[in-house]
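In what follows, chains are A, B, ... by sequence order, proteins preceding strands, each numbered from 1. Both backbone and side-chain heavy atoms feed into the values below; hydrogens, waters and symmetry mates do not.
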Amino acid sequence: MSEKNVRTRFAPSPTGFMHVGNLRTALYEYLIAKSLGGTFVLRIEDTDQERLVQGAVDIIYNTLEQVGLKHDEGPDVGGEFGPYVQSERKDIYLPYAEQLVREGKAYYCFCTKERLDSLHAAKDDGEFSGGYDRHCRDLPKEEVERLLSVHTPYVIRQRMPIEGSTTFDDAVYGSITIENKELEDQVLIKSDGYPTYNFANVIDDHLMQITHVVRGCEYLTSTPKYNLLYEAFGWEIPTYVHLPLIMGKNEDGSVSKLSKRHGSTGFADLIKEGYLPETIVNYIALLGWCPKENRELFTLPELVKNFSIDGISKSPAVFDYDKLTWFNGEYIRSMPEEQFVADSMPYFKEVFPEQEKNWHVLASILQPRVTKFIQIPEMIAFLKNLPDYPADFFVNKKSKTNLENSAVMLEEAIGVLENTDDWSVENLHDRLMELAQKLEVKNGTLLWPVRIAAAGMQVTPGGAMEILAILGKEESLRRLHIGLDKLKA
RNA sequence: GGCCCGGUGGUCAAGCGGUUAAGACACCGCCCUUUCACGGCGGUUUCACGAGUUCGAAUCUCGUCCGGGUCACCA
């Protein structure tokens with residue numbers, strides 16, 4: 001068996017928005033190619049001139065770069081099958097369509113937009129099923145010549161077989177058969193001269209020697225049209241790999257194709273929300289694919305090593321933000337501390353713009369607790385401004401604290417801390433532990449009131465010592481006195 | 001509506017004729033502990049339904065139901 005070089009392609013249209021569904025398709029295309037030692041191609045499908053968006057191609061490049069999906073061929077890096085932008089390939093397609101016309105496998109259609117619209121309207125009333133009514137399919141040759149000669153606007157449509165059925169094989173869904181009568185005489189070349197997506201796709205995939213056509217399974221039912229095109233040209237049919245859809249959960253509990261109403265569904269949105277690129281890649285890799293080995297944390301190279309097409313599932317998967325968040329926490333916790341500090345610095349500075357103090361203490365309390373960096377400002381706001389809080393925050397059953405002994409603890413703590421100058425976490429720890437021992441109370445009885453007074457909150461990131469250390473001596477003492485006043489009031 | 005594809009806990013899922021039906025997220029409880037988080041331990045919750053085939057079905061077949069996709073000069 002001859003091993004052909006595996007080639008996959010990511011063929012987005014530049015819409016200015018990278019949906020996670022598209023990203024996941026790109027990921028699988030990359031993984032299929034790379035796990036088989038193949039080539040990953042980027043091709044821009046901009047045949048819809050009405051929908052062109054400025055700067056959209058850059059968004060595609062940036063996204064791929066951020067997640068590490070490096071393409072081997074593409075508009076920016078070149079390759080021997082270029083150009084890789086369909087608008088630059090415009091002249092390639094028409095001759096192929098004309099060849100089909102000559103061979104009787106396609107035909108000119110002069111139907112107006114209005115006629116087509118009324119056709120669709122009739123369809124909705126149930127009078128007619130299946131898009132185009134093949135009005136121009138058998139126009140006399142002379143009539144076609146005449147219309148052409150007076151420059152009547154036209155499209156070229158594929159002449160579909162009316163009887164029989166078409167069967168194709170999909171690497172994940174198996175063998176699928178569709179009756180030819182379900183197939184419409186689809187447009188190949190639009191009246192503006194550009195090819196349709198379906199046509200350009202087939203031509204380019206063949207010309208670029210794509211071996212695996214990977215796409216969402218919304219294309220499943222139109223695949224026979226592709227096959228008929230390949231057959232019409234006598235070209236080899238690629239391996240189809242259709243991917244299960246990514247769904248979103250609606251408020252009423254139902255699910256539908258993931259879209260904006262489900263929250264952030266664009267790569268850029270997720271990044272803005274505080275998800276790491278590697279988190280997103282790892283998570284979406286697992287939406288619709290399962291490794292042989294029972295594990296979930298994978299870097300991109302590890303995914304390449306473990307990926308195989310037979311692990312792709314058929315059923316749609318619901319995008320779960322909870323699990324995404326968990327993954328993000330895992331990635332954050334596994335970072336080296338320097339990286340955590342570097343990455344969280346912008347968020348630290350939102351609260352403490354003027355000074356760079358105690359970053360390492362902040363990092364040590366935050367790294368195990370943070371699941372998204374954007375949570376940081378809110379989590380540490382209390383360090384900047386003491387929240388107002390009621391005295392009964394001091395009461396905690398488990399720590400055996402009440403209003404009376406909390407006041408005593410605070411007074412004792414203030415006494416010790418006033419005479420402490422080494423304000424490191426370690427020293428504060430030692431001094432306070434000594435005090436608890438001396439007072440013969442459990443640590444919690446002393447530390448609960450200290451932490452409440454220092455933070456003004458019952459639940460805090462980090463413990464009393466870390467909070468005091470970050471606050472510094474002066475502010476710490478000030479807050480402890482405020483607490484004491486509350487208890488005495 | 002026609003056609004196509006799915007259906008294992010709330011979610012992601014393993015499973016390919018014989019298992020006590022993995023694992024993860026979420027949830028609950030316990031432990032650790034100066035709160036929370038992390039970490040550790042344990043728990044609740046599943047084979048859509050009905051017929052077959054078979055000694056034996058989550059696994060095979062058919063039907064039903066449910067869900068999704070698709071029916072453009074959009075990709």
Side-chain angles (χ1 to χ4, degrees), chain A residues 11-13 15 45-48 50-51 109 111 113 116-117 120 123-124 126 129-132 153-157 170 173-174 176-179 181-184 186-192 194-198 200-201 215-224 242 244-245 247 249 253-257 283 286-292 294-297 311 313-327 329 333 365-371 379 396 398-399 429 432-433 436 442-452 455 457-466:
Chain A
S13 5
T15 61
E45 308 223 333
D46 57 348
T47 55
D48 186 355
E50 289 177 19
R51 283 218 252 167
C109 169
C111 290
K113 179 117 180 15
L116 262 19
D117 285 345
H120 293 141
K123 188 191 84 171
D124 292 339
S129 70
Y132 183 55
Y154 68 89
V155 301
I156 296 181
R157 311 187 88 113
D170 182 85
Y173 288 93
I176 293 174
T177 299
I178 297 204
E179 298 297 320
K181 64 172 191 273
E182 301 294 329
L183 273 22
E184 188 191 3
Q186 66 174 341
V187 172
L188 268 19
I189 299 289
K190 298 186 270 193
S191 55
D192 65 0
Y194 278 88
T196 57
Y197 164 84
N198 290 311
N201 226 254
R215 65 206 338 185
C217 71
E218 63 264 33
Y219 295 105
L220 222 35
T221 45
S222 57
T223 302
H242 284 95
L245 255 23
M247 315 295 283
K249 189 174 234 153
S254 64
V255 296
S256 53
K257 194 170 163 181
Y283 178 64
L286 264 21
L287 271 187
W289 171 76
C290 188
K292 302 255 188 299
N294 186 17
R295 68 148 160 158
E296 298 193 300
L297 263 7
S313 77
K314 294 186 175 91
S315 41
V318 175
F319 194 90
D320 181 1
Y321 291 92
D322 282 338
K323 185 123 190 189
L324 214 217
T325 302
W326 173 79
F327 267 110
R333 287 190 288 278
I365 65 173
L366 257 17
Q367 192 168 4
R369 276 169 255 258
V370 162
T371 53
M379 285 173 87
N396 181 262
K398 206 173 149 218
S399 300
H429 174 270
L432 288 170
M433 294 311 251
K442 59 187 289 187
N443 298 337
T445 309
L446 171 65
L447 295 171
W448 177 276
V450 171
R451 190 175 57 82
I452 296 300
M457 303 195 305
Q458 289 187 303
V459 174
T460 58
M465 338 283 192
E466 289 89 353

Residues in salt bridge (Lys or Arg N to Asp or Glu O under 4.0 Å) with D170(A), at least two apart?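 Scan of D170(A) (salt bridge (Lys or Arg N to Asp or Glu O under 4.0 Å), adjacent residues dropped) gives none.
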How would you summarise protein contacts on nucleotides 62-70 of chain B per nucleotide, using B for base, S for sugar-phosphate only and - for none, with heavy-atom distances below 4.0 Å? ------SBS
Can you check each nucleotide of nucleotides 24-37 of chain B against protein heavy atoms at under 4.0 Å and return B for base, S for sugar-phosphate only, - for none, in 5' to 3' order? BS-------BBBBB
Any base atoms under 4.0 Å from [X], or only sugar-phosphate, or nothing? Heavy atoms, all strands.
| X | value |
| --- | --- |
| T371(A) | nothing |
| V155(A) | base |
| R157(A) | sugar-phosphate |
| L116(A) | base |

Would you check if the side chain of [X] reaches a backbone N or O of [Y] as a donor-acceptor pair within less than 3.5 Å?
| X | Y | answer |
| --- | --- | --- |
| S191(A) | P153(A) | no |
| R451(A) | Q458(A) | yes |
| Y194(A) | D48(A) | no |

Looking at the side chain of Y173(A), which of C73(B), A75(B), G6(B) is the nearest nucleotide?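 Nearest to the side-chain atoms of Y173(A), counting from C-beta on, is G6(B).
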Closest-nucleotide 5' rank along RNA chain B - winner of K190(A) and I176(A):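 Here I176(A) is the residue nearer the 5' end.
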Does T47(A) have a side-chain nitrogen or oxygen under 4.0 Å from the phosphate oxygens OP1 or OP2 of A75(B)?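 Looking at the OP1 and OP2 atoms of A75(B), one of them is under 4.0 Å from a side-chain N or O of T47(A).
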